[in-house]
Amino acid sequence: MRDTVSFTLNGEMVSVQNPDPTLTLLNWLRQTRSLTGTKEGCAEGDCGACTVVIGSPDAPEDLPPWRAVNACIAFLPTLDGKTVITVEGLAQNGKLHPVQQALIEHHGSQCGFCTPGFVMSLYAHYRNEGVVDDETLNDVLAGNLCRCTGYAPIIRAARAMYDYPKVEDILLASATDSEMLCLTMTDTLSGTEKQYFAPHNMSELAIIYAKHPDAVILAGSTDVGLWVTKQKKVLKVLIDIGRVEGFANIEKTENGLMIGAGASYAAAHETLEEMYPSLGELIRRIGSTQIRNAGTMGGNIANGSPIGDMPPPLIALGAELILRRGDNTRRIALESFFLEYGKQDIASGEFVETIFVPNPVPAGRFAVYKVSKRFDQDISALCGAFSLQLDGHKVAAIRIAFGGMAGIPARAKNAEAALLGQDWNETNLRKAMMALGDDFTPLSDMRASAEYRLQCAQNLLLKFWLSDDAPYLAKEVRHG
Amino acid sequence: MDKHASGPRHDSAHKHVTGEAIYIDDMPLLPGLLHLQPGLSTRAHARIISLDLEAVRAAPGVVCVLTHNDIPAVNDVSPTGSGDDPVFAQGTVVYAGQAIFVVAATNLAAARHAAALARVEYEDLPAILTIADAREAKSNLEDAQVMGNGDAKAAINTAPHQLSGHLRVGGQDHFYLETQAAQCVPGEDNDLTLYSSTQHPSEVQHLIAHILGRSSHDITVQVRRMGGAFGGKETQAALIAAMTALVSHKTGHPARLVLDRDDDMVLTGKRHDFEIDYKCGFDDAGRLAGIAFDMASRCGCSMDLSAAINDRAMFHMDNTYYLNTAQILSHRFQTNTVSNTAFRGFGGPQGMIAIERVMDDIALYLGKDPLEIRTTNLYGGEGRDFTPYGQRVTDNVAPELMNELAQNANYEKRRSEVRTFNANNQYIRRGIALTPVKFGISFTTTFLNQAGALVHVYTDGSVHLNHGGTEMGQGLNTKIAQIVAEEFQIDHTCVKITATDTDKVPNTSATAASSGTDLNGMAAQRAAQTIKSRLAAFAAGKAGCAIEDVIFAGGRVIADDKDWSFPALVKEAYLARISLSSTGFYKTPDINYKRKTHSGRPFYYYAYGAAISEVEIDTLTGESRILRVDILHDVGKSLNPALDIGQIEGGFVQGAGWLTSEELVFDKAGILQTHAPSTYKIPAYSDRPPVFNVALYGRGENTEDTIHRSKAVGEPPFMLAISVFSALTDAVASVGDYKTLPDLHAPATPEHILHAIHSLEAGEK
């Protein structure tokens with residue numbers, strides 16, 4: 001057991017003994033290290049002003065080694081063993097990094113407050129030798145808000161970033177094999193004793209969680225981070241699953257994909273996109289690059305949110321969960337995991353271990369649509385997913401699931417019933433659209449009214465029916 | 001290098017990209033620095049029955065907790081002396097988010113932890129939240145204002161055609177990336193130095209003296225840069241600075257307050273939302289004979305700048321169009337919501353979008369191209385050059401600018417392609433629109449149109465410059481350094497501008513109304529000219545030639561057969577005891593305006609521009625997106641094309657956000673529901689127009705004697721984004737076969753667009 005967090009910061013090894021487990025990287029950088037180039041714009045992972053770059057020596061080979069993440073919601077202990085680079089680390093011997101040079105020469109900054117974040121997002125992409133076409137850059141920079149420039153000079157700079165002379169780059173620190181990190185400290189403000197564990201394998205995790213069933217499981221901290229920064233919760237026991245071996249594995253099996261709950265969206269993206277292109281497009285629009293680099297597939301399900309974007313498509317596809325408690329595992333349909341708002345079928349000390357996503361079925365069709373006020377990096381007003389199997393003209397199987405329409409992500413059973421065994425035609429489709437009104441009584445909130453949600457849900461069903469013919473606005477014009 | 005990158009770059013660009021640029025929260029931590037957190041009201045309108053701060057005071061790290069009882073002199077930071085902007089609520093709260101107290105603690109976490117421990121008991125009072133509520137309750141901040149010329153009613157009624165309509169226009173949060181921030185450092189005699197993220201250092205200075213009962217000379221305010229402002233730090237910064245000053249005054253410690261994003265969004269003011277009704281009469285060609293506007297805005301709980309903002313909305317109801325006879329009635333409603341404030345355009349956008357709506361309405365009614373209606377109604381021609389407030393439009397370039405843009409961007413051809421596309425697509429529709437902008441330049445409060453500057457030339461020839469303007473990203477310091485360098489004919493990098501400071505240039509106006517360069521540039525030029533004329537006289541004396549024959553060029557000074565480098569001449573002049581420092585002062589000439597009658601010449605000149613936006617909508621979900629934007633904008637003779645284009649691109653996208661994805665949602669209790677970027681959606685990277693052609697109007701030249709014949713550029717481009725709203729209107733109108741004006745309101749969120757589509761499909765309007 002070890003109580004010191006160690007990582008490299010801008011090439012220099014640093015060790016922090018027994019930090020507050022929920023101290024954010026941003027606050028540590030700014031307050032303890034006086035590295036104020038990294039900014040706080042929102043403290044919720046939405047604006048990207050705090051973007052830093054993390055190198056993981058033990059990252060899976062098929063993933064780029066450098067990840068842009070939001071320092072405002074990353075807890076310091078989760079960086080143990082990593083390579084951390086901030087905006088202060090880029091210029092070498094007084095020579096600016098090409099990304100910085102490009103931004104200067106293309107007038108890419110005005111007020112300059114968001115600029116370090118843009119620099120770091122582009123830097124990660126540069127280090128990963130990413131391409132600089134417009135479509136790719138839309139993803140790379142979706143998580144960085146700028147209020148001054150209208151982004152136009154930033155894209156001009158990004159396109160040109162490889163045109164400038166290279167500088168020496170900070171290298172990836174080598175992986176260190178070490179004991180489990182366990183932290184204990186007393187919070188000075190609340191007087192609470194806080195604990196943090198970073199188990200190395202599944203059985204360690206199972207043992208610790210069984211011992212601390214009230215612990216908060218920490219994965220990418222894209223949600224838990226906000227409990228601390230926004231809701232001011234004091235988290236007594238944290239179990240960081242980031243270092244659990246195999247927890248982020250993605251394995252192709254005969255019947256489908258086994259996705260470790262700890263796999264990030266970024267890690268699962270490509271494989272899922274190959275199986276279900278529409279799902280790939282959805283994942284592309286979840287959060288931002290920074291969020292997808294940190295947030296996990298399991299976290300998006302386990303937090304039980306009614307507006308998480310993964311559950312509707314996975315429910316429609318008939319995905320299953322493997323839950324684990326101690327040495328015991330059980331397998332349930334994903335749709336039965338969500339019981340009611342804030343309540344899931346998960347016992348004390350039990351955790352989501354694996355998500356099973358079945359292979360596409362023959363003559364099957366699948367689509368998922370996300371609707372939000374803003375195209376990129378927004379939480380869905382609603383998300384509708386449709387999985388259809390035709391037998392000739394007849395509907396042999398149909399699964400329709402929505403997020404944002406009820407307290408939990410849920411299937412539209414009445415709409416499905418209106419279609420099952422019927423001809424796949426507009427008349428029946430319109431009946432199913434009407435039946436959706438019996439499936440859901442959505443709420444009105446700041447994202448959309450109940451009326452809009454229902455109308456739009458009905459229209460998404462129509463859109464699915466039109467599917468191959470009807471252009472999907474977003475896809476067509478964004479990628480056209 | 002692309003064609004846009006001409007002009008000296010922002011003087012802080014290097015520091016922006018390396019993270020070295022210092023914002024308030026990046027300043028080194030002084031010994032004893034206290035961190036502040038305000039406690040905010042959770043009710044829109046309520047009496048405070050009891051305020052229990054014991055637990056707050058007892059919390060770890062807390063040094064003091066201040067309420068209105070701790071204000072030495074006056075509990076008010078209202079910018080216009082209206083006395084209705086208390087630092088801390090006193091007895092009643094008038095909006096949800098209002099500050100009630102502030103905690104100062106040894107660290108930020110302790111301050112925030114402690115603030116949450118307050119126990120406030122409220123007795124709710126009836127709350128007026130919306131424009132409709134306020135209209136019903138006759139809750140006016142000031143008398144309704146009337147502007148106009150002639151009998152509009154008669155002109156409308158006798159015209160061949162009449163139309164009437166209604167438009168709702170939402171507010172907007174500034175969402176500067178750096179939240180409101182200030183730091184106060186006490187000095188000798190308990191004088192205070194404030195580092196404030198403010199557009200208006202002089203006002204912060206004066207208001208802090210006011211609340212403390214001190215003199216202005218006891219207070220110094222410095223602004224190096226802001227991380228964005230957009231009007232949001234014109235008056236709103238004073239409240240934040242005031243809290244730090246109160247804590248420093250009380251404790252003798254330095255104090256820092258940097259607002260949390262959510263607190264910033266609920267505590268500080270935003271763009272006014274408006275509701276506008278119109279009636280108009282016009283002929284078969286669509287030319288207006290008369291128009292009447294009845295507009296109402298939600299000002300929030302206090303006056304702030306609402307009078308001037310609503311006035312500016314009235315001034316821009318004409319935009320580029322001759323209204324013939326017009327009557328503009330403007331209601332300024334007081335509500336139990338945060339006090340709305342300055343925001344880029346300052347009411348102008350809300351006025352302008354209304355007349356553009358009228359143009360779209362007439363076009364659909366007559367079955368004509370909206371551009372034809374717009375062109376028909378432009379200022380110009382015999383007797384068609386007076387605004388409703390009586391100013392003569394003498395610099396009108398709108399007709400030729402619009403024509404040039406339409407030609408260059410193939411408006412006509414693309415419009416017909418849009419129609420063809422719509423005929424062939426049932427669910428995805430496109431729209432296109434060209435809208436112009438004419439924006440009045442000058443503070444309409446005439447006395448504000450003044451500025452000062454201070455120039456020092458040191459004996460090594462380097463130049464130090466201060467002026468009254470503040471740097472918020474717009475590149476003001478770069479432009480003014482260029483202006484001074486131009487006078488001395490030295491490289492602009494030899495001119496250094498440091499923080500704006502009330503002890504260098506006093507009694508400044510806010511950097512607002514797009515006037516930063518116009519006013520401060522002139523003042524700086526005059527200061528430089530004073531020194532230059534001294535140097536010229538000195539050089540002439542040395543060479544025995546006339547002063548007029550001394551030439552400053554290329555870093556050298558030439559007088560007859562004598563020739564100095566600039567530093568060499570400066571050095572000699574110093575030894576000859578020539579003063580190398582000067583102030584400069586400028587006031588805008590020729591403007592006069594009588595608010596009582598809303599008539600006169602409030603504006604020195606107008607800035608013009610036009611944009612064509614092409615958009616696409618999904619009629620099943622209401623989602624939209626911009627496909628292409630072409631802009632031609634008049635900045636006069638540009639001082640710095642790169643910076644000017646930056647303002648145009650940035651202003652446009654910010655305007656597009658206002659009209660599409662940015663929606664402020666208050667719940668029924670008056671609590672803002674969209675108070676963070678997770679719920680309030682400003683344009684993100686992929687929302688920029690994928691094709692975005694921005695050009696400066698080549699023949700642009702200010703007809704008035706402005707600094708190097710340039711024009712102001714901060715605000716005008718914001719309103720180019722009205723073309724997006726008109727294009728969306730065009731796209732939705734296709735669903736009704738272009739027969740009916742869609743019931744579309746701003747912001748055109750997917751929900752509002754879908755509503756407009758459904759209304760058309762249902763045959764309603």
Side-chain angles (χ1 to χ4, degrees), chain A residues 36-38 41-44 46-47 49 87-88 91 96 100 103-107 109-116 119 134 138 141-142 144-145 147-153 156 188-189 232 371 373-379 446 448-449 452 455-456 459 462-463 466 470-471 473-474 477-478, chain B residues 2 5 9-10 12-14 16-21 23 26 60 109-110 113 116 175-178 226-228 260-261 427-428 472-474 616 618 620-621 623 625 627 642 646 649-650 652-654 661 663 665 673-674 676-679 681-682 684-688 690 692 749-751 754:
Chain A
T36 54
T38 310
C42 69
E44 60 176 19
D46 265 283
C47 79
V87 71
E88 289 90 351
L96 294 182
Q100 295 171 312
L103 279 164
I104 289 179
E105 293 194 12
H106 292 81
H107 306 274
S109 68
Q110 285 183 23
C111 87
F113 199 85
C114 70
T115 312
V119 167
D134 287 6
N138 279 348
L141 295 175
N144 291 88
L145 297 178
R147 192 56 151 166
C148 294
T149 64
Y151 305 99
R156 292 195 281 268
T188 50
L189 293 176
K232 313 289 178 202
V371 180
K373 266 186 215 174
R374 188 174 69 197
F375 187 78
D376 274 329
Q377 221 230 115
D378 196 0
I379 291 166
M446 81 295 269
S449 71
Y452 174 76
Q455 254 171 21
C456 196
N459 284 351
L462 177 61
K463 188 189 270 283
L466 296 161
L473 168 85
V477 298
R478 299 265 162 177
Chain B
D2 58 80
R9 62 184 65 129
H10 195 287
S12 288
H14 184 279
H16 293 155
V17 302
T18 54
E20 290 165 37
Y23 303 82
D26 304 335
H113 174 257
F175 210 89
Y176 26 65
L177 263 285
E178 179 209 32
M226 285 165 270
D260 169 74
R261 173 63 62 187
Y427 296 104
I428 302 289
M472 61 195 91
Q474 80 279 45
E616 188 165 72
D618 181 331
L620 293 176
T621 61
E623 293 163 289
R625 95 136 179 139
L627 299 178
E649 291 168 337
F652 179 88
V653 169
Q654 197 175 67
S661 60
E663 187 174 33
V665 181
Q673 299 297 295
T674 48
S678 51
T679 46
K681 311 311 284 187
I682 70 166
Y685 184 78
S686 67
D687 295 308
R688 76 193 187 284
F692 198 6
T749 58
E751 174 157 357
L754 193 66

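Residue numbers start from 1 in every chain, and the chains themselves are labelled A, B, ... in the order their sequence lines are given, proteins ahead of strands. Just so it is clear, the structure is predicted and the values come from calculations on it, not from any experiment.
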Looking at B:Asp618 and A:Lys463, is any side-chain nitrogen of the basic one under 4.0 Å from a carboxylate oxygen of the acidic one?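 A salt bridge is present here (some side-chain N lies under 4.0 Å from a carboxylate O).
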Which portion of B:Val17 sits near chain A, non-hydrogen atoms under 4.5 angstrom: both
Do A:Ser449 and B:Glu751 pair up side chain to side chain, a donor and an acceptor below 3.5 Å, judged on atom types alone?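 The criterion, which ignores hydrogens and geometry beyond distance, is satisfied for B:Glu751 and A:Ser449.
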Below 4.5 Å, heavy atoms only, C-beta onward: do B:Arg9 and A:Glu105 meet side chain to side chain?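 With C-beta onward as the side chain, the pair touches.
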Any side-chain heavy atom of B:Pro677 within less than 4.5 Å of one from A:Leu145? yes
Heavy-atom pair of closest approach, residues B:Gly227 and A:Phe113: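 Distance-wise, the nearest heavy atoms are CA-CB, 4.0 Å.
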Any donor and acceptor pair, going by atom type alone, linking the side chain of A:Arg147 with main-chain N or O of B:Tyr176 inside 3.5 Å?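 No; zero donor-acceptor contacts below 3.5 Å.
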Could you have a look at A:Gly41, A:Cys47, A:Pro116, A:Ala91 and say which one has the most heavy-atom pairs with chain B under 4.5 angstrom?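 Highest number of pairs under 4.5 Å: A:Gly41.
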Check whether any side-chain N or O of A:Gln110 sits under 3.5 Å from a backbone N or O of B:Gly646 as a donor-acceptor pair, and report yes or no. yes
Side chains of B:Glu20 and A:Val87 in contact at under 4.5 Å (non-hydrogen atoms): no
Where A:Ser109 and B:Ala13 come nearest, the two heavy atoms and their spacing: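 Closest heavy-atom pair between A:Ser109 and B:Ala13: OG-CA, 3.9 Å.
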Could you pull out the closest heavy-atom pair between B:Thr621 and A:Val371, with the gap in Å? CG2-CG2, 4.0 Å
B:Glu649 side-chain N/O to A:Gly150 backbone N/O, donor-acceptor pair under 3.5 Å: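 Pair absent, no side-chain N/O of B:Glu649 close to backbone of A:Gly150.
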Among A:Ile379, A:Asp378, A:Thr188, which has the most heavy-atom pairs under 4.5 Å with chain B?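 Sorted descending by pairs with chain B, the first entry is A:Asp378.
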Exercise: identify the closest heavy-atom pair between B:His113 and A:Leu189: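 Of all heavy-atom pairs spanning B:His113 and A:Leu189, the closest is CE1-O, 3.4 Å.
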I need the minimum non-hydrogen distance between A:Cys111 and B:His16, along with the two atoms involved. O-NE2, 3.4 Å
Between A:Arg374 (side chain only) and B:Ile682 (backbone N and O only), is there a donor and an acceptor less than 3.5 Å apart?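 Indeed, once roles are kept as given, a pair shorter than 3.5 Å links the two residues.
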Given 3.5 Å as the limit, does a donor-acceptor pair link the side chain of A:Glu44 with the main chain of B:Ser678, or not?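 Yes; at least one donor-acceptor contact below 3.5 Å.
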With sequence neighbours left out, what residues match A:Tyr452 under ring pair (Phe, Tyr, Trp, His ring centres under 6.0 Å)?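 A:Tyr452 satisfies ring pair (Phe, Tyr, Trp, His ring centres under 6.0 Å) with no residue once adjacent residues are dropped.
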Residues forming a side chain to side chain donor-acceptor pair (under 3.5 Å) with B:Glu663, sequence neighbours excluded: A:Lys373
Considering all heavy atoms, the nearest B:Leu177-A:Ala49 contact: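 B:Leu177 and A:Ala49 have their closest heavy atoms at CD1-CB, 4.4 Å.
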